[in-house]
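All figures in this text were calculated on a predicted structure; none of them were measured in a lab.
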Amino acid sequence: KQKIEKMTENNNTKDPVTGLTEEEVIAVEDSWSMLYRREHRKENGVKLFMNLYSLHPATIEKFPLFKGKTLEEISKHPKLPAHAMSVMYALASYIDNLHDTDLLVELVKKTAVSHIGRGVGSEYFKLLSDVVPAWMKEVLEEECTPLMLSSWGKLLGIVVAVVSGEEQNMTS
């Protein structure tokens with residue numbers, strides 16, 4: 001793997017944009033390689049959404065297809081896997097570009113604009129700070145480490161900050 005020029009050999013040097021150390025980047029990449037396994041990708045994406053809906057039931061209202069449906073009905077809805085996969089692909093693009101922070105920020109901005117246009121702003125992205133750890137613990141079980149959880153927490157913080165910035169750009 002190529003290491004970015006901005007980082008030194010010291011694993012504790014933080015990237016100036018993401019604030020992630022190389023050790024944290026590796027923790028995110030390692031966990032993602034398990035979460036994104038081809039044979040479980042769709043199922044894991046659906047689990048991510050089911051965690052969102054069970055931890056934050058009000059978010060269901062942001063999905064017109066699922067309004068008024070029970071968690072059981074949503075879990076069996078034929079369109080859920082398609083949306084789950086598009087989110088898994090977006091996350092993959094973020095993870096693939098942890099060393100190219102300019103591109104990472106632009107990818108998150110693209111996601112932000114499409115979601116803000118549907119009334120899903122930074123306050124909804126903040127909900128991922130408890131959804132993602134719950135999802136990781138469910139999928140990875142004993143392979144999920146505190147470093148993985150804290151590293152994803154930092155990454156999600158960056159996502160929220162970028163979405164927040166885009167909200168301000170779109171309203172000013």
Side-chain angles (χ1 to χ4, degrees), residues 1-56 59 81-115 120-167:
K1 285 188 176 178
Q2 291 180 319
K3 301 290 180 209
I4 59 168
E5 297 78 46
K6 289 185 219 172
M7 294 211 175
T8 66
E9 288 303 310
N10 178 348
N11 280 353
N12 293 321
T13 302
K14 292 183 178 184
D15 179 274
V17 175
T18 65
L20 291 168
T21 65
E22 187 60 22
E23 182 182 38
E24 291 167 328
V25 167
I26 291 166
V28 169
E29 292 172 339
D30 287 350
S31 59
W32 185 246
S33 71
M34 293 181 274
L35 293 163
Y36 198 62
R37 281 189 191 118
R38 183 178 304 275
E39 63 273 19
H40 300 294
R41 195 172 292 165
K42 180 172 71 175
E43 168 193 349
N44 289 345
V46 168
K47 284 179 181 177
L48 175 61
F49 274 92
M50 294 314 296
N51 271 286
L52 172 66
Y53 300 145
S54 61
L55 290 169
H56 302 285
T59 60
H83 188 63
M85 285 304 296
S86 68
V87 170
M88 293 295 278
Y89 294 138
L91 287 171
S93 73
Y94 299 171
I95 308 311
D96 286 348
N97 290 290
L98 289 172
H99 289 119
D100 184 346
T101 52
D102 291 342
L103 181 53
L104 172 62
V105 168
E106 289 307 316
L107 289 165
V108 175
K109 283 180 179 180
K110 197 169 190 271
T111 300
V113 169
S114 71
H115 281 75
V120 179
S122 60
E123 72 276 13
Y124 289 94
F125 283 83
K126 285 177 188 157
L127 301 176
L128 295 175
S129 65
D130 66 338
V131 172
V132 169
W135 173 61
M136 289 175 66
K137 289 173 187 171
E138 177 187 355
V139 174
L140 301 178
E141 298 172 343
E142 70 281 348
E143 293 179 271
C144 187
T145 68
L147 179 61
M148 287 175 178
L149 293 171
S150 63
S151 301
W152 273 89
K154 276 189 172 181
L155 177 58
L156 293 170
I158 294 149
V159 170
V160 169
V162 172
V163 173
S164 220
E166 281 305 292
E167 272 177 321

Do [X] and [Y] touch side chain to side chain, with heavy atoms closer than 4.5 Å?
X	Y	value
V46	F49	no
I158	V108	no
L104	V162	no
L128	V160	no
L48	L91	yes
M34	E141	no
E138	M50	no

Rounded to the nearest 0.5 Å, how far does [atom2] of [Y] lie from [atom1] of [X]?
X	Y	atom1	atom2	value
L98	D15	CG	CG	9.0 Å
M136	L149	CE	CG	5.0 Å
K109	E166	NZ	CD	5.0 Å
C144	L35	SG	CG	8.0 Å
N44	E39	CG	CD	9.0 Å
L127	N51	CG	CG	12.5 Å

Grab the two heavy atoms, one from [X] and one from [Y], that are nearest each other, plus how far apart they are.
X	Y	value
M85	K42	SD-CA, 3.5 Å
S122	S164	OG-OG, 3.7 Å
L140	S31	CD1-CB, 4.0 Å
V131	L52	CG1-N, 3.7 Å

Would E123 and K126 count as a salt bridge (Lys or Arg N to Asp or Glu O under 4.0 Å) here? Give the steps.
CA-CA 5 Å; E123 72 276 13; K126 285 177 188 157; over 6 Å; no

How are the rings of Y36 and W32 set relative to one another: parallel (under 30°), tilted (30 to 60°) or perpendicular (over 60°)?
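Aromatic pair Y36/W32 classed parallel.
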
Go through H115 and Y124 one step at a time and tell me if the ring pair (Phe, Tyr, Trp, His ring centres under 6.0 Å) criterion holds.
CA-CA 10 Å; H115 281 75; Y124 289 94; 9.8 Å; no

Do any N or O atoms from the side chain of W152 and from the backbone of A27 form a donor-acceptor pair under 3.5 angstrom?
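Side chain of W152 to backbone of A27: no pair is present.
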
Is it true that a side-chain atom of E43 and a backbone atom of H40 form a donor plus acceptor pair closer than 3.5 Å?
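No.
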
What side chain to side chain donor-acceptor pair (under 3.5 Å) pairs are there with at least one residue in residues 85-97, not counting sequence neighbours?
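As it turns out, the side chain to side chain donor-acceptor pair (under 3.5 Å) pairs with a partner in residues 85-97, which skip direct neighbours, are Y94-T111.
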
Do T18 and L155 pass the side-chain contact (heavy atoms from CB on, under 4.5 Å) test, and can you show the C-alpha distance, the side-chain angles, and the key distance before you say yes or no?
CA-CA 7 Å; T18 65; L155 177 58; 5.9 Å; no

For K154, does the NZ atom have more than 12 heavy-atom neighbours from other residues, nucleotides or ligands under 6.0 Å away?
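Yes.
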
Among all residues two or more places apart in sequence or in another chain, which pass the salt bridge (Lys or Arg N to Asp or Glu O under 4.0 Å) test with K110?
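K110: no salt bridge (Lys or Arg N to Asp or Glu O under 4.0 Å) contacts found.
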
